Undergrad: 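The structure follows.
Remember, it's 1-based here, ligands and their atoms both numbered in the order they're listed. Computed from a predicted model, the values in this text were never measured in an experiment. Numbers here simply count residues along the sequence, with the first being 1.
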Amino acid sequence: MANREPDVSEWGVLTATEGYGRPDSQEDYEQISYEDAMGKTWGKNGEKPYRHAAHAMIYAPDGKKLWDMYENKAVILMMMRFDGYIGFPGGIMDDGETVEFGLNRELEEEIGLDPTRHSFTKEDHVLSYVTHNKRLLLHFYCKKVTLEECLEIEKRTIDADEYGWEVLGPIRVPMFTLNDNERGLPIFLSNKFIGNAKEELLYCIEKENIMTKEEIQVALENCEKFKARYMR
Ligand SMILES: O=c1[nH]cnc2c1ncn2[C@@H]1O[C@H](COP(=O)(O)OP(=O)(O)O)[C@@H](O)[C@H]1O
């Protein structure tokens with residue numbers, strides 16, 4: 001039988017969610033307050049309302065030195081997603097779920113986080129955004145844990161239900177820069193990140209006093225210099 005492109009209607013469950021995972025433009029992410037995101041029904045009359053999604057950064061202060069030279073300022077957990085983008089664990093809320101309940105459910109499914117030990121609450125909320133393109137209200141959370149807890153959380157990720165499917169593996173952000181000013185965090189920042197995950201990462205690095213605004217700026221400038229030389 002001749003090869004034939006499957007019709008979109010044959011993609012099954014993917015057709016319902018496929019739009020959410022698509023590459024997107026940074027301009028479409030507008031920061032809003034948590035109250036604004038929660039306080040009204042988003043979407044025009046007669047259209048399906050926007051959905052909520054939540055993602056989270058788990059980190060611990062570090063201090064270990066790479067080759068006895070480069071101090072790793074923190075262990076920050078991200079992940080390689082099914083689509084090749086780097087992001088934080090989390091996802092879209094099911095109907096009727098509160099955002100924090102749905103976030104804890106997603107974290108258990110995606111990284112095996114034990115909700116009896118590390119449950120996320122409103123206290124951990126950092127930022128909210130709306131993206132009209134994807135009709136999503138995005139919420140971002142951040143939690144500091146001890147280094148021991150962080151390493152244990154990281155280990156559990158490969159036993160999670162979604163490991164090997166939606167989540168292809170945990171990733172640590174290199175929180176150091178080698179003395180060529182590029183290898184480490186600057187080159188890491190040249191990766192492809194889903195949604196506004198890169199901005200969320202940098203926001204939390206500053207907010208949690210892991211690096212100063214100036215240090216982050218230098219890393220971003222060195223990332224751009226690297227990209228100008230090696231990427232098209
Ligand atoms: O780490 C993140 N930070 C910010 N937005 C994200 C992140 N990960 C995903 N998103 C956004 O949320 C949408 C849905 O998230 P995700 O793909 O995790 O949901 P799902 O696992 O329920 O399908 C993505 O298409 C993207 O726009």
Undergrad: For ligand 1, which atoms have a heavy atom of Glu166 less than 4.0 angstrom away?
TA: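 It comes down to these atoms of ligand 1: 21 (O).
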Undergrad: Below 4.0 angstrom, N of the basic side chain to O of the carboxylate: do Glu109 and Arg105 qualify?
TA: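 The answer is yes: the pair qualifies as a salt bridge.
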Undergrad: Which of the atoms in ligand 1, numbered in the order shown and given with their element, are less than 4.0 Å from a heavy-atom of Ile92?
TA: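 Answer, ordered by atom number: 14 (C), 19 (O), 20 (P), 22 (O).
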Undergrad: May I ask you to list the atoms of ligand 1 that are less than 4.0 angstrom from any heavy atom of Arg81?
TA: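 Checking each atom against Arg81, I get 8 (N), 9 (C), 16 (P), 17 (O), 18 (O).
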Undergrad: Looking at Glu110, which atoms of ligand 1 are within less than 4.0 Å of one of its heavy atoms?
TA: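 The list of qualifying atoms is 21 (O).
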Undergrad: If you round to the nearest 0.5 Å, how far is CE of Met38 from NZ of Lys122?
TA: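 The distance works out to 8.0 Å.
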Undergrad: Do Asn104 and His118 make a side-chain contact, defined as non-hydrogen atoms from C-beta onward lying under 4.5 Å apart?
TA: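 No, side chains not in contact.
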Undergrad: Specify whether Tyr230 and Phe226 have parallel, tilted or perpendicular ring planes, treating 30° as the upper limit for parallel and 60° as the lower limit for perpendicular.
TA: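 Judged by the thresholds at 30° and 60°, the geometry between Tyr230 and Phe226 is tilted.
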Undergrad: Between Phe188 and Phe193, is the gap from one ring center to the other below 6.0 Å?
TA: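 Judged by ring-centre distance (under 6.0 Å), Phe188 and Phe193 do meet the cut-off.
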Undergrad: Just which atoms of ligand 1 are under 4.0 Å from any heavy atom in Glu106?
TA: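 The atoms of ligand 1 under 4.0 Å from a heavy atom of Glu106 are 22 (O).
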Undergrad: In terms of atom number and element, which parts of ligand 1 are under 4.0 angstrom from non-hydrogen atoms of Ala197?
TA: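 Atoms satisfying the 4.0 Å criterion: 1 (O), 2 (C), 3 (N).
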Undergrad: Do Leu201 and Phe88 touch side chain to side chain, with heavy atoms closer than 4.5 Å?
TA: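 They are in contact (side-chain heavy atoms under 4.5 Å apart), so the answer is yes.
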Undergrad: Going by the order shown, which atoms of ligand 1 are within less than 4.0 Å of some heavy atom of Tyr29?
TA: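 Those of ligand 1 that fall under 4.0 Å from Tyr29 are 27 (O).
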Undergrad: Pairs of nitrogen or oxygen atoms closer than 3.5 Å, one from Phe88 and one from ligand 1: do any exist?
TA: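 Min N/O separation from ligand 1 is below 3.5 Å for Phe88.
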Undergrad: Can you tell which part of Leu136 has a heavy atom less than 4.0 Å from ligand 1: side chain, backbone, both or neither?
TA: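 Side chain only.
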Undergrad: Would you mind listing which atoms of ligand 1 come within a distance below 4.0 Å of any non-hydrogen atom of Leu138?
TA: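 Near Leu138, meaning under 4.0 Å from one of its heavy atoms, ligand 1 has 11 (C), 12 (O).
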Undergrad: Look at the aromatic rings of His139 and His52 and report parallel, tilted or perpendicular, splitting at 30° and 60°.
TA: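 Geometry flag for His52 against His139: parallel rings.
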